[in-house]
Number of protein chains: 4
Amino acid sequence: MASSPQPDIRRTILDVTRELLIEQGITQLSIRMIARQVGCSVGTIYFYFHNKDELIHSLIEEGFEKLIELQDHTEAEFDNPLQRLEQLCRNYIQFGLDNPAYYEIMFMLNPERMARFPAEKYRRARRSVEVVASALKECRDQGLLSVGEPYIHAHLIWSFMHGVVTLLKAKRIDRRIDPAEMISATIRHILQQNSH
Amino acid sequence: MASSPQPDIRRTILDVTRELLIEQGITQLSIRMIARQVGCSVGTIYFYFHNKDELIHSLIEEGFEKLIELQDHTEAEFDNPLQRLEQLCRNYIQFGLDNPAYYEIMFMLNPERMARFPAEKYRRARRSVEVVASALKECRDQGLLSVGEPYIHAHLIWSFMHGVVTLLKAKRIDRRIDPAEMISATIRHILQQNSH
Amino acid sequence: MASSPQPDIRRTILDVTRELLIEQGITQLSIRMIARQVGCSVGTIYFYFHNKDELIHSLIEEGFEKLIELQDHTEAEFDNPLQRLEQLCRNYIQFGLDNPAYYEIMFMLNPERMARFPAEKYRRARRSVEVVASALKECRDQGLLSVGEPYIHAHLIWSFMHGVVTLLKAKRIDRRIDPAEMISATIRHILQQNSH
Amino acid sequence: MASSPQPDIRRTILDVTRELLIEQGITQLSIRMIARQVGCSVGTIYFYFHNKDELIHSLIEEGFEKLIELQDHTEAEFDNPLQRLEQLCRNYIQFGLDNPAYYEIMFMLNPERMARFPAEKYRRARRSVEVVASALKECRDQGLLSVGEPYIHAHLIWSFMHGVVTLLKAKRIDRRIDPAEMISATIRHILQQNSH
DNA sequence: TATGAATGAGCATTCATTCAT
DNA sequence: GATGAATGAATGCTCATTCAT
């Protein structure tokens, strides 16, 4: 990576940061490491990003952009709210597992602790709940699902998915259990098709 | 804390570490900070713990001890598997919210990333799943609940609870939603009492 | 400043540098800061000035030009050497207080320490002493003042004024003392009108 | 210096800092340089001093201690206020020339610019003015000197001496002028023995 | 037991400067 | 004329760890 021609260093920096984020986690991540991996000097990174936080912020924005685009597209695609709900959930879980670095900085940072990543940066996270809430409402109105207040229930579903994603990501689930089966069971549970 | 007579410095170190863990998170935690807060020298901490990892390990062990004792006690107390299941879940969630530091190091570290916290350290985590699985099995056998394979379903329930705990801990849930209600809804959902 | 039409960027760079010099002092001054304030790139500054030192040199030259012009004009204006001496001293002190940035780089840098500002750059400083020495000589010849060797005495007067300027500039004089009064007393003292 | 046995590293750090302060000035002074010169690691310096400012502060305190002790001793020694005034002035100038590093951080820093060296740190500087003011008052009361308000006049004398010290220190005075003669002339001027 | 002293590697960040375009 | 991109060296500072006492 150090010697190949870099058409877009800014892009490379973001990508390398994402890779390192997966391997090291946010706290071990250092500008020096990124520079070494990118094959540029430390200063170059500071040329493209004011500071470390801004670099992470850019990644957070990117992550939300990707996820929201995915969900918006799904929302437009499915008329049937139950099918839509299912797809939204599959999307979310898949996004988390496919993009562990994005998921980590988007949903696993504690904004209380990391003051420099203020809560408002995460307001976009609400969007992923709202699309679910909207699908739930329609499901309820059409008698397809028996749920309580849709917004609250959407948070419940979100929590459920978040738990599955984070435990799978962290390899905490017993190896003998097939992740795909975990995911299917999760979806079934959300859609209240609990029978085996 | 610095000037009171220390009957058990080791104990104090562990307690202070836990407190700092809540405020700072694992990555901001430094031996110096602990020493300053305890009122001893850094060397003293190294007398009681070989290194930082061992100190964290001890806390992890302690955390599992506490949780397992809690769950074992509940398991012995309730004959009715459904009531037992409910109490086990309430215990788990409450434990996570009451002991954020323990919960963090027990369930939120990524053992892949933290090579020094090898997966085997977390095998005890399985115990909290097993008590749930055992209750589920009895529920199913007694026709109280319609679930699939109990061990898998126990992981599902665990994931669900884990998601709720971590999102609540990180203050990611919309402020307008009452945490207590989130928890109740979670329990209801687990017990498949979804109606209203 | 960034968007107005720049008839003379070189001039703007010098002016901005002077302003920043007042606020930050020479050591905090950075090319980047200047460029940002001017609204140009760092490269542009290097187009007009070979390096940072040359930029400072230009300001030093400018400062001496200003001061010398002021003193030369005064020298031509006053026939009476005592009045001339008084005006020369008033000029010097006022110049120092009105142009803190110029004064700093002209008279407060240590050429031993700053090898890149060689002593010869400061030879022009002697001119401000010489005009005083010349006035002193005339005063002595006309019996207006009882002084020793004029050139030495001129240095004494210079030192005196330099002390007042630097202490006032650095806000080291007790706030309860009116700067104007300090200056008047200084002038009186130089002219040996010591009585109250 | 790196290999000799260091009985008191803290002392060595202070001394080395003082030496480097003379050569480099405060702005070029770096912790790494000090460590290199002392022959210890950077961390060692931070063991003895919380940060760079605290290290400089310690030197400032030391400097004022030295100067004040010198002046207090002189004050007690001389009954004759004129002789006392003379000695106080000789002391001050000599102190400045003998201890260029101390003098620089005590009297040549701009507290406005260096916010971390707050004005109050320099209140002790006033003491050197007060001893002069007290001597002046006695001189005036005994008819030995014709001066205005003693406190103001003391500031005048201080400025005068400050100018001489700083210009001599910075090698700004014409090489052909003997520093000792400058000093004598300064003292004579202060004592109003202006004739030849 | 406990500490004071010391270290080396690391951190985020800034800087003067260069140079192809 | 002017810029955007890049660099290497430096800065103040923190860290986990060691070890003689």
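All values derive from a computational prediction rather than experimental measurement. Throughout, a chain's letter reflects where its sequence line sits, starting with A, and its residues are numbered from 1.
Put simply, the side chain of A/Glu65 reaches to within 4.5 Å of the side chain of A/Arg124, judged on heavy atoms. Within the 4.5 Å cutoff, no side-chain heavy atoms of B/Val38 are placed close to those of B/Thr17. Between C/Leu29 and C/Ile56 the shortest side-chain heavy-atom distance falls below 4.5 Å. At a threshold of 4.5 Å between non-hydrogen side-chain atoms, the residues B/Tyr48 and B/Thr12 do not count as touching. A/Phe64 is listed as a side-chain neighbour of A/Tyr122, based on a closest heavy-atom distance under 4.5 Å. Residues A/Ser58 and A/Arg10 are in side-chain contact: their nearest non-hydrogen atoms beyond the backbone lie under 4.5 Å apart. Side-chain atoms of B/Met108 and A/Met108, non-hydrogen and from C-beta on, never get closer than 4.5 Å to each other.
Regarding contacts with the backbone of F/dG4, every side-chain N or O of A/Tyr48 stays at 4.0 angstrom or more from both OP1 and OP2. Between D/Thr44 and E/dA6 there is no side-chain N or O to OP1 or OP2 distance below 4.0 Å.
A straight line from CD1 of B/Ile45 to C1' of F/dC15 spans 13 Å, rounded to a whole angstrom. We find that CD of D/Glu54 is positioned 12 Å from P of F/dT14, with the value rounded to whole Å. Protein atom CG of B/Asp8 is 10 Å distant from nucleotide atom P of E/dT1, rounded to whole Å. One atom, CG of D/Leu55, and another, C1' of F/dG12, lie 12 Å apart when rounded to the nearest Å. Taking atom CZ on A/Arg10 and atom P on F/dA6, their separation rounds to 13 Å, with Å as the unit. We find that CD1 of D/Ile56 is positioned 14 Å from C1' of F/dT11, with the value rounded to whole Å.
Of the charged side-chain nitrogens involved, at least one lies within less than 4.0 Å of a carboxylate oxygen, so that D/Arg11 and D/Glu62 count as a salt-bridged pair.
Each of B/Phe47 and D/Phe47 was assigned the nucleotide of DNA chain E with the nearest heavy atom; the assignment lying further toward the 5' end belongs to B/Phe47.
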Treat a base pair as Watson-Crick or G-U wobble with both distances under 3.5 Å, then lay out DNA chain F in dot-bracket form, 5' to 3', with | for cross-strand pairs.
.||||||||||||||||||||
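Of all the heavy atoms in C/Ile60 and C/Met106, the pair that sits closest is O-CG, 4.2 Å.
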Taking only nitrogen or oxygen atoms into account, show me every contact under 3.5 Å that the protein makes with nucleotides 13-15 of chain E, one pair per line with its distance.
from	atom 1	to	atom 2	distance (Å)
E/dT13	OP2	A/Tyr46	OH	2.7
E/dT13	OP2	A/Lys52	N	3.0
E/dT13	O5'	A/Tyr46	OH	3.4

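Counting non-hydrogen atoms under 4.0 angstrom, A/Phe49 reaches nothing in the nucleic acid.
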